[in-house]
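In what follows, every chain begins at residue 1, and chains take the letters A, B, ... in the order their sequences are listed.
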Amino acid sequence: MSAEPSERYNPREMEPHWQEVWDKAGAFVTKEDNARERYYVLEMFPYPSGRIHMGHVRNYAMGDVLARFERSRGKNVLHPMGWDAFGLPAENAAKQGNVHPAEWTYQNIANMRAQLKSMGLSLDWSREFATCDVEYYTQQQKLFLDMLEKGLVSRRKSKVNWDPVDNTVLANEQVIDGRGWRSGALVEQRELDQWAFKISDFAEDLLAELDNLPQWPEKVRTMQRNWIGRSEGLRVLFEIAPNDKTSETVLDIFTTRPDTLYGASFMALSADHPLTTALAAKDPGMAEFVAECHRLGTATEIIEKAEKKGYFTGIHVKHPVIEDIVLPIYVANFVLMDYGTGAIFGCPAHDQRDFDFARAYGLPIIPVVLPEDKQAGTFMTEFAESDEAYTGPGRLFNSGPLDGMDVDTAKNTMATTLENRTVGGKPQGARKVNYRLRDWGISRQRYWGCPIPVIHCDNCGIVPVPSDDLPVKLPDDVSFDKPGNPLDHHPDWKHVACPECGQTARRETDTMDTFVDSSWYFARFTAPRATTPTVPDVADAWLPVDQYIGGIEHAILHLLYSRFFARAMRETGHMQVKEPFKGMFTQGMVTHETYKAEDGNWMLPSDIIIESSGGTRVARDANSGSPVVIGPYEKMSKSKKNVVDPDEIVKTYGADTARWFMLSDSPPERDVEWSESGIEGASRFVQRVWRLVNEAKVRIDAGSERLGDKASALALTRAVHKTTANVETELAGLRFNRAVAMIYELTNVIGKFMSDLKDEPCLSEISALRLAINNLVQLFAPMMPHLAETCWQALGNSGLVCDAPWPEVDQAYLVEDSVTLPVQMNGKKRGEITVPAGASEAEIIKQALSLDVVVRMLDGKEPKKVIVVPNRIVNVVA
RNA sequence: GCGGGCGUGGCGGAAUUGGUAGACGCGCCAGACUCAAAAUCUGGUUCUGGAAACAGAGUGUCGGUUCGAUUCCGACCGCCCGCACCA
């Protein structure tokens, strides 16, 4: 099959053809026994919602360009695809449509696979898997058991974020502004037995290694750093003054400012602190205050506005470094139980929250840090009138032995002092590094997830499922008509004999958070059919992923969990690599104009007609003709109906056109604006290239017998080599938009060359044209692979362009033998001169000064100075 | 509040280490081809003045360094994103 010259290029015919050719040739099946350098490119695998969207098209187009490009550069490329297939939508579909989650999911996968195949991606489909495949989650259960054995999994009663709409637990990372990330429901706090991965064991390493990921966006690294939230400080034991309300004798607090201890004026406990709970049991007023704190919730708006409130416990602690001073203990609504020890000391002068609290309750405010440029007296006076705590640097004062020290020295000195004292037989102070990062709770009360392979036995406690008994398979016969977890109310699934004592026991009915599934799939792709989670040697050979591409929305959750999993898999012997992704790229979103009808309803782009006259665009309803308001570009979303269906685009314009458009114009990390005229422009280029190739073919076939070296032929050859070198650099750096621009430029150059070509060209012109047109095809081949194959064949090349090596760049052609230099007068361009490449400075100056405009402006005077930057510029200073 | 990023024509965006601002695309204007339209091709398109040659201004604002600044420095203005009572 081949397209006739002079016909329009027909992607609908050619694209399926080449897809079949690649498929039959097994062109993109990755071989292990391949001596070439390995290159692993991976795009975040999709959730099988049923249809791909333009965001997928952009993501996979980028990955595919890299895969094809690196392949042509001689690498052994791994470019796999799979499905992040567990999750709640399948269960919701089951509830609504009476379809089994498995059926729904696999049907969606089939649809989306067909859509992805129509894009012509160079994927190794032989490695495809879905995380809901038994073969995959069996291996995940093995990993879980290995991690359990290594002490990387914990089970404890803990406060969890409970989503009352989805009826399940959420990880902290899945709570956004106090609401569930999927349901948007206000999250409640509940106490449950939970399985958790001990990600906090790796906090330090996860933080430190961020510095060794130079190919990650700075933004993502910063976000992870903040999330891990390391802070160095001191645990301090405060002695509780003897009293009759509690039997406790010490209060354990965490502070990062031990230097300000001389400014302490109160202590504050979290509403959930054990001491609070004990005291509230006997104090109804306090119990009411605690309840009030819980009602406040965690929503951002509320926290921002909430006043600092407290409740005095009636007890005091002794000041650790000032004799005969006691400090009152409050329960305060701004102290968090899950950070530090859930208790703090308050130094109002140097912490804004403490300041506000002290103001509200009439507590002393004692400044102990003096800004470097202030006198103690004036600072005290100014400070008394201020509403702000001073949190900057300075020297200690009002602080006895610390007076005169800078903040860091004072911190250290105080730490050492307290380390050397004891309270109740323990050191009063202990240096401690605290992290915000908390363990990753993975228990979910759901059916469509990976079962947690443990058994609860009344005699033996928690018993791991023996590996011979794996997999713990999900039962097929489940009902979704009752609220709660279908696994829990399944008639017999959970009832099993204890593997240890044989007595009646219960299976764990919780399944794993679906983020577990996506935390190691990149490793599984290296040996997707192995009967172990990985084949360690193979995983180590491929990993880390050279280039990972996906959305910024996974900057914390997925990427942090994956980094943890790599470490956990290392500890359990499944691989050596601890950083899973060497290069990370976060691509921007696809946006589209929004359209609103007169009645205020959003309208689909396909339901409107846009007319433009004299630069103004007017939209109206395609059916009724009534006017439609054109709104700004926003992220494509179903709710605003500003979506374009990739299937329709592929049918109308072809995959190559869609890919080309997605890669041109906008830098890949920025949002791209989808527009009708944009896709039309891309389509125009496809046809233009096709015409150009056919015209070139006619000229080349006609040949020539005239000898001769034409300057235009040399210029074209230079342009080809230069563009090849530049496109290579840009593609390697993922600057697809710049590569596209250069290819356009070269196309223009070739077009110009052809229209200038005489009826009887000489040999040098024909061979320059042959090189140019073939190279052009190769340059755009990673982006528009079908068109490239068609052109490649039409030009009479043998084999597939996807197998052809990247064109060679001859450095000799990159060196120009004459240069055009701009000539500036006082920094403003006035003209230009052309000089031989090796021209001396004196020559250049002489030529520049003889320019008409320079002579005129100098008006007979000598220039003050002439600056010559070789190969760049000449500047005449008058 | 803290952290990260960004401000360039009508629009998306280009501009190596400071060296011709506006590549390339979209849009628009004019012309060619056509009975006509579509498609295609050619030319033009930062702004102001001018028929043109040309001159002046110009990369958010103000200032600085420099022969020369979109690029470096300082102050400000505006926008986007992330985090946020983390002691």
Should [X] be listed as having a side-chain N or O under 4.0 Å from OP1 or OP2 of [N]?
X        : N     : result
A:Arg830 : B:G56 : yes
A:Arg691 : B:C41 : yes
A:Arg688 : B:U40 : no
A:Arg221 : B:G82 : no
A:Tyr339 : B:A87 : yes
A:Asn748 : B:G25 : yes

Can you sort out the partners of A:Glu634 under side chain to side chain contact (heavy atoms under 4.5 Å, CB included), two or more places apart, ordered by chain and number?
->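 Side chain to side chain contact (heavy atoms under 4.5 Å, CB included) check on A:Glu634 returns A:Thr594, A:Pro632, A:Lys640, A:Asn642.
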Ranking B:A23, B:A55, B:G25 by distance to the side chain of A:Ala741, first place goes to B:A23
Answer with base, sugar-phosphate or nothing: what part of the nucleic acid does [X] contact at a heavy-atom distance below 4.0 Å?
X        : answer
A:Asn434 : nothing
A:Ser664 : nothing
A:Asn737 : sugar-phosphate
A:Pro667 : sugar-phosphate
A:Tyr744 : sugar-phosphate
A:Val335 : base

**Message:** Rounding to an integer number of Å, can you tell me how far A:Asp354 CG sits from B:C86 C1'?
**Reply:**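 Rounded to the whole Å, the gap is 13 Å.
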Here the helical stems involving RNA chain B, each at least 3 consecutive Watson-Crick or G-U pairs closer than 3.5 Å, sorted by first residue number, are B:1-7 with B:77-83, B:10-12 with B:24-26, B:27-32 with B:40-45, B:46-49 with B:54-57, B:60-64 with B:72-76
- Message: Please report whether the ring centroid of A:Phe266 lies less than 6.0 Å from that of A:Tyr361.
- Response: no
Across all chains, not counting sequence neighbours, the salt bridge (charged side-chain N to carboxylate O under 4.0 Å, His left out) partners of A:Glu388 are none
Here the residues of residues 258-271 of chain A within 4.0 Å heavy-atom distance, strictly under, of RNA chain B are none
Comparing nearest nucleotides in RNA chain B, the 5'-proximal residue of the pair A:Glu680, A:Arg670 is A:Arg670
Protein N or O to nucleotides 2-5 of chain B N or O, pairs below 3.5 Å:
none

What nitrogen or oxygen pairs link the protein and nucleotides 18-21 of chain B at under 3.5 Å?
| residue | atom | partner | partner atom | Å |
| --- | --- | --- | --- | --- |
| B:G19 | N2 | A:Gln824 | OE1 | 3.4 |
| B:U20 | O2 | A:Lys829 | NZ | 2.7 |

